[in-house]
**Q** 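Just dropping this structure here.
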Amino acid sequence: MLLLLRKARQKLMKENKFTTYVLYALGEIILVVVGILIAISIDNLNERNKELERERKVIESLKQEFEENLILLEFDSERLGNVIASCEYLYNSIGPDYEHGSINVDSVLSLTFSFPVWDPSNFVLDEIKNSGLLSSMTDSTLKATILDWEKYYSNLEDWHKFYEARSGKYFDYILANGNSKNINTYITNASFNQKSKFDRSNQEIMTKISFENHLSDKLVTSSFIYGWYQQTVPKIKNLIEACEKANSANN
């Protein structure tokens, strides 16, 4: 088309038809401009499609990351539930009238030494924030869900620090007042399974109110974190669902 207009314009110049020549020249300019606009539009569309594909892949990776985090959370919740059960068993047995030897204190104490802390992967989530993808994300629901998760998890991390500090105090109490070697026979390998040669027994702390106080604190803080973990499960599932809906809308 552009070539035909150019030939017609040249013919009109020879025939000295100036007005018609100008119209053909304008038509040629318009065609060039339209061609450039179409090319820019196609280029922008291709770039937009690349951005959407990149966003789709990142969202899929985020979904997989939180699916794995959910599995880890359920595992740590189960471990924490076992710690709580062991604390409750000791808590119900402790007292001034406790009969020495009525329960295997060393074995049960070994189960309370653990303080599982859920440590999810945040690699993809950090990538989304650091790359600026969060601000340009097309799905507003997913964006809001991620922001809500960030706020929630920040609070949970603060409680984790508190939980670890309180569990450390419980551990220190046992070291100062009990016999950790007798407890370690249940939580270490066979090369370290001999009983302590000292007379101090963990049976003795079962009649001390100081141990009851530390055990009570351990039980309360563990139960508190367990409650947080139960609230976390639906939040993770909600984020996973938001990822699935966002990618369905982009397909």
**Q** Show which side-chain atoms of residues 89-99 pair as donor or acceptor with protein atoms under 3.5 Å away, not counting sequence neighbours.
**A**
| from | atom 1 | to | atom 2 | distance (Å) |
| --- | --- | --- | --- | --- |
| N92 | ND2 | E88 | O | 3.1 |
| S93 | OG | Y89 | O | 2.9 |
| Y98 | OH | Q203 | OE1 | 2.4 |

**Q** Taking the side chain as everything from C-beta on, heavy atoms only, tell me whether I59 gets closer than 4.5 Å to E244.
**A** no
**Q** Do L72 and W149 share a hydrophobic cluster, counting only Ile, Leu, Val, Met, Phe, Trp and Tyr and linking them when any side-chain heavy atoms are less than 4.5 Å apart?
**A** yes
**Q** How long is the gap from CD1 on I146 to NZ on K129, to the nearest 0.5 Å?
**A** 10.0 Å
**Q** Do T138 and K143 have side chains that get closer than 4.5 Å, going by heavy atoms?
**A** no
**Q** Which residue pairs pass the side-chain hydrogen bond (donor to acceptor under 3.5 Å, both in side chains) test with at least one member in residues 205-219, sequence neighbours excluded?
**A** R166-D217, Y173-S210
**Q** Should we count CG of D199 as having more than 12 external heavy atoms under 6.0 Å?
**A** no
**Q** Would you say the side chain of E60 lies within less than 4.5 Å of the side chain of K57, judging by non-hydrogen atoms?
**A** no
**Q** Between S154 (side chain only) and K151 (backbone N and O only), is there a donor and an acceptor less than 3.5 Å apart?
**A** no
**Q** For a side-chain contact (heavy atoms from CB on, under 4.5 Å) check, start with the C-alpha distance between M206 and H100, then their side-chain angles and the critical distance, and finish with the verdict.
**A** CA-CA 8 Å; M206 292 296 291; H100 284 224; over 6 Å; no
**Q** Answer yes or no: is there an ion pair linking E241 with K245, defined by an N-O contact shorter than 4.0 Å?
**A** yes
**Q** Is there a donor-acceptor contact under 3.5 Å from the side chain of N130 to the main chain of D126?
**A** yes
**Q** Rounded to the nearest 0.5 Å, what's the gap from CD1 on I84 to CZ on R79? Could you check?
**A** 12.5 Å
**Q** Out of curiosity, E55 CD to L62 CG, how far, rounded to the nearest 0.5 Å?
**A** 11.0 Å
**Q** According to a hydrophobic-cluster definition based on side-chain heavy atoms being under 4.5 Å apart (Ile, Leu, Val, Met, Phe, Trp, Tyr only), do V105 and I209 belong together?
**A** no
**Q** Tell me every residue that passes salt bridge (Lys or Arg N to Asp or Glu O under 4.0 Å) with E68, counting only those two or more places apart in sequence or in another chain.
**A** none
**Q** Write out all pairs satisfying side-chain hydrogen bond (donor to acceptor under 3.5 Å, both in side chains) with one or both partners inside residues 225-234, taking only residues at least two apart or from two chains.
**A** Y152-T232, H160-Y229
**Q** Does E157 pair with K161 as a salt bridge, N-O distance under 4.0 Å?
**A** no
**Q** Any side-chain heavy atom of S121 sitting closer than 4.5 Å to one from N69?
**A** yes
**Q** For a side chain to side chain donor-acceptor pair (under 3.5 Å) check, start with the C-alpha distance between N202 and N182, then their side-chain angles and the critical distance, and finish with the verdict.
**A** CA-CA 8 Å; N202 289 313; N182 289 348; over 6 Å; no
**Q** First locate atom NZ of K181, then atom CD1 of I183, and finally report the distance between them rounded to the nearest 0.5 Å.
**A** 13.5 Å
**Q** Show, in sequence, the C-alpha distance, side-chain angles and deciding distance for C243 and L142, and conclude whether the side-chain contact (heavy atoms from CB on, under 4.5 Å) test is met.
**A** CA-CA 6 Å; C243 287; L142 177 57; 3.9 Å; yes
**Q** Rounded to the nearest 0.5 Å, what separation is found between the CG atom of L175 and the OG atom of S180?
**A** 5.0 Å
**Q** Of all residues at least two apart in sequence or in a different chain, which pass the salt bridge (Lys or Arg N to Asp or Glu O under 4.0 Å) check with D139?
**A** none
**Q** Any link between I240 and L147 through a network of hydrophobic side chains (Ile, Leu, Val, Met, Phe, Trp, Tyr) touching at under 4.5 Å?
**A** yes
**Q** State, yes or no, whether a side-chain contact exists between N238 and F66 at a heavy-atom distance under 4.5 Å.
**A** no
**Q** What I want to check is whether the side chains of Y170 and T221 have a donor and an acceptor closer together than 3.5 Å.
**A** no
**Q** Is there a donor-acceptor contact under 3.5 Å from the side chain of S114 to the main chain of L111?
**A** no
**Q** Start with the C-alpha distance between S167 and F171, add both sets of side-chain angles, then the distance that settles side-chain contact (heavy atoms from CB on, under 4.5 Å), and finish with yes or no.
**A** CA-CA 6 Å; S167 294; F171 182 77; over 6 Å; no
**Q** For K63 and N247, what are the C-alpha separation, side-chain angles and deciding distance, and is it a side-chain contact (heavy atoms from CB on, under 4.5 Å)?
**A** CA-CA 10 Å; K63 172 177 170 288; N247 271 349; over 6 Å; no
**Q** Quick one, Y153 and P120 - any side-chain contact, counting heavy atoms below 4.5 Å?
**A** yes
**Q** Flag the pair E150 / L125 as yes when at least one side-chain heavy-atom distance between them is below 4.5 Å, and no otherwise.
**A** yes
**Q** In terms of hydrophobic clusters joined by side-chain contacts under 4.5 Å, are F162 and I225 together?
**A** yes
**Q** Answer whether the closest heavy-atom distance between the side chains of L215 and C87 falls below 4.5 Å.
**A** yes
**Q** After noting the C-alpha distance and the side-chain angles of W118 and F75, does the key distance pass the ring pair (Phe, Tyr, Trp, His ring centres under 6.0 Å) rule?
**A** CA-CA 9 Å; W118 179 56; F75 175 73; over 10 Å; no
**Q** Tell me the closest heavy-atom pair linking R200 and A176, and the distance in Å.
**A** NH1-O, 3.2 Å
**Q** Would you name the heavy atoms of V108 and S86 that are closest together and state the gap between them?
**A** CG1-O, 3.6 Å
**Q** Same hydrophobic cluster for W159 and I236, using side-chain heavy-atom links shorter than 4.5 Å among ILVMFWY?
**A** yes
**Q** With rounding to the nearest 0.5 Å, note down the distance linking CD in E65 to CG in L239.
**A** 10.0 Å
**Q** Mind listing the closest non-hydrogen atom pair of V83 and S222 along with its distance?
**A** CG1-OG, 4.4 Å
**Q** Sequence neighbours left out, what passes salt bridge (Lys or Arg N to Asp or Glu O under 4.0 Å) with E127? Give chain and number order.
**A** none
